[in-house]
Undergrad: 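Okay, handing you the structure first.
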There are 2 protein chains.
Amino acid sequence: MPSLTPTGRVILGMIALGKQTGYDIKQLVDKSTRHFWSASYGQIYPELRRLEEQGLVRGQSEPTGGRARTVYTLTPAGEAALSDWLEPAGEPPFEVRDEGMLRLFFSDFGTPEQRIGNLQAMRDSHRRVLTQLEALDEHEDAMPAGPHLTLELGLGLHRWFVEWCEETERRLVQEQRNDAD
Amino acid sequence: MPSLTPTGRVILGMIALGKQTGYDIKQLVDKSTRHFWSASYGQIYPELRRLEEQGLVRGQSEPTGGRARTVYTLTPAGEAALSDWLEPAGEPPFEVRDEGMLRLFFSDFGTPEQRIGNLQAMRDSHRRVLTQLEALDEHEDAMPAGPHLTLELGLGLHRWFVEWCEETERRLVQEQRNDAD
DNA sequence: AAATGCATGTAAGACGTTACATGATTTT
DNA sequence: AAAATCATGTAACGTCTTACATGCATTT
């Protein structure tokens, strides 16, 4: 049996959470896991069909009026696959792709102003994510423990990032002033 | 003129830093940017040729004894492209793919032990990265400001992660005890 | 003599986004 | 009547990893 693809993992979980259509799944991904795990329609719909072929989900046509609609549920095999995957296993893949950091890394080839500008751009982008996460945090009470944990983690992480950028910016500005003397 | 591909960006910068061969570039990527920007041989070698076609780098054959070796340098156009890209521009792409967090997110479908186990696995993986970064930090003095900044950022980030995991683990264990009463 | 490091490369496939297309339903 | 939302899907393209293959040079 072929193992779950990356997008397959999130889909299975989202169906377990009660999301029924590809559209629903995408909505929730954008709202809740986007900051550490994203997915696009171009992945979701084909993957749903693959999961069905593998017998992990079952889709039933349930139109809303004249609008086509396929509702998915987990099969017992799907529940088992989700359960298996939830078992802690070695180092879980962790990846970051941060172009702001890459610009910082090569910032010796630019001006001090560019370096600080890039730092500010990073700060702004983390602030923006933070604002979005803070909006979600207001329905905190209606949230299961798992989603709540990752929300807290995201909030803490981006707050830390913003602070680091601010602190570093102050330090660089200070150093620049000292050099001017 | 076609814009720089993701891998193209890091290659151009690495050549500017004095790395001459595909092999050298890969070594430095693994040592220094891996934690926020990775690249594989399968990308690097073809991309070097594309960059040459675009006139951004120039390759010259400089064998070491009987061993083939191609040494790359930036052309003026390549320097300009690097310089352009270094200019702060909007929100720099930032992506995280964290399977540990995804497991946490769905942890309501598992046992409390699994949740804690996954938290510990996350902690361990961040500790491992931390150890690697700390080893690099010892040659701190010989490091340009840019690379030094990103190293500090990586150290702080993974330290924060480890602490968050530890703190959360304590809290979860505590709650589990309370529930047992 | 063997192991490690230097050096280059490719083929296959997995993974992903973007942009486009379509049309019904609900809200304003 | 228009705009927003619900709902599904595909084609093209871009990107990336993995696994494999090759062979010289240097160190042990």
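Every value quoted in this text rests on a predicted model; they were computed, and no experiment measured them. First the proteins, then the strands, lettered A, B, ... as listed; each starts at 1. Just the heavy atoms: all of them, side chains too, but no hydrogens, waters or symmetry mates, feed the values below.
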Undergrad: End-to-end bend of the helix from C:dA1-D:dT28 to C:dT28-D:dA1 (five-pair axes, 10° rounding)?
TA: 40°
Undergrad: Name the orientation class of the two ring planes belonging to A:H158 and B:F94 (parallel below 30°, tilted from 30 to 60°, perpendicular beyond 60°).
TA: perpendicular
Undergrad: When the nearest nucleotide of DNA chain C is assigned to A:T64 and to A:G42 on a heavy-atom basis, which residue is associated with the more 5' position?
TA: A:G42
Undergrad: Could you pull out the closest heavy-atom pair between B:H35 and A:M101, with the gap in Å?
TA: CE1-CE, 4.1 Å
Undergrad: Which of residues 5-18 of chain A have a heavy atom under 4.0 Å from DNA chain C?
TA: A:T5, A:P6, A:T7
Undergrad: Please tell me which of B:Y45 and A:Q43 maps to the more 5' nucleotide of DNA chain C, matching each residue to the nucleotide holding its nearest heavy atom.
TA: B:Y45
Undergrad: For a 4.0 angstrom threshold against heavy atoms of chain A, report the outermost contacting nucleotides of DNA chain D in 5' to 3' order.
TA: D:dT5 to D:dC16
Undergrad: Start with the C-alpha gap between A:E47 and A:T7, add the side-chain angles, then the distance that decides, and say whether side chain to side chain donor-acceptor pair (under 3.5 Å) holds.
TA: CA-CA 7 Å; A:E47 183 64 25; A:T7 301; over 6 Å; no
Undergrad: Counting only side-chain nitrogens and oxygens, does B:Y23 get under 4.0 Å of the OP1 or OP2 atom of C:dT8?
TA: no
Undergrad: Between C:dT25, C:dA7, C:dT17, which one does the side chain of B:T21 approach most closely?
TA: C:dA7
Undergrad: For the atom pair OG1 (A:T131) and CZ (A:R128), what is the distance rounded to the nearest 0.5 Å?
TA: 8.5 Å
Undergrad: So, OP1 or OP2 of C:dT10: does either fall under 4.0 Å of a side-chain N or O from B:R49?
TA: yes
Undergrad: Stepwise, does the side chain to side chain donor-acceptor pair (under 3.5 Å) test hold for A:E62 with A:Q20?
TA: CA-CA 10 Å; A:E62 286 192 13; A:Q20 302 184 308; over 6 Å; no
Undergrad: Using OP1 and OP2 only, check whether a side-chain N or O of B:R97 sits under 4.0 Å from C:dC15.
TA: no
Undergrad: Starting at CG of B:L151, measure out to NZ of B:K31 and round the result to the nearest 0.5 Å.
TA: 10.5 Å
Undergrad: Would you tell me whether A:W37 and B:E95 have side-chain atoms, one donor and one acceptor, within less than 3.5 Å of each other?
TA: no
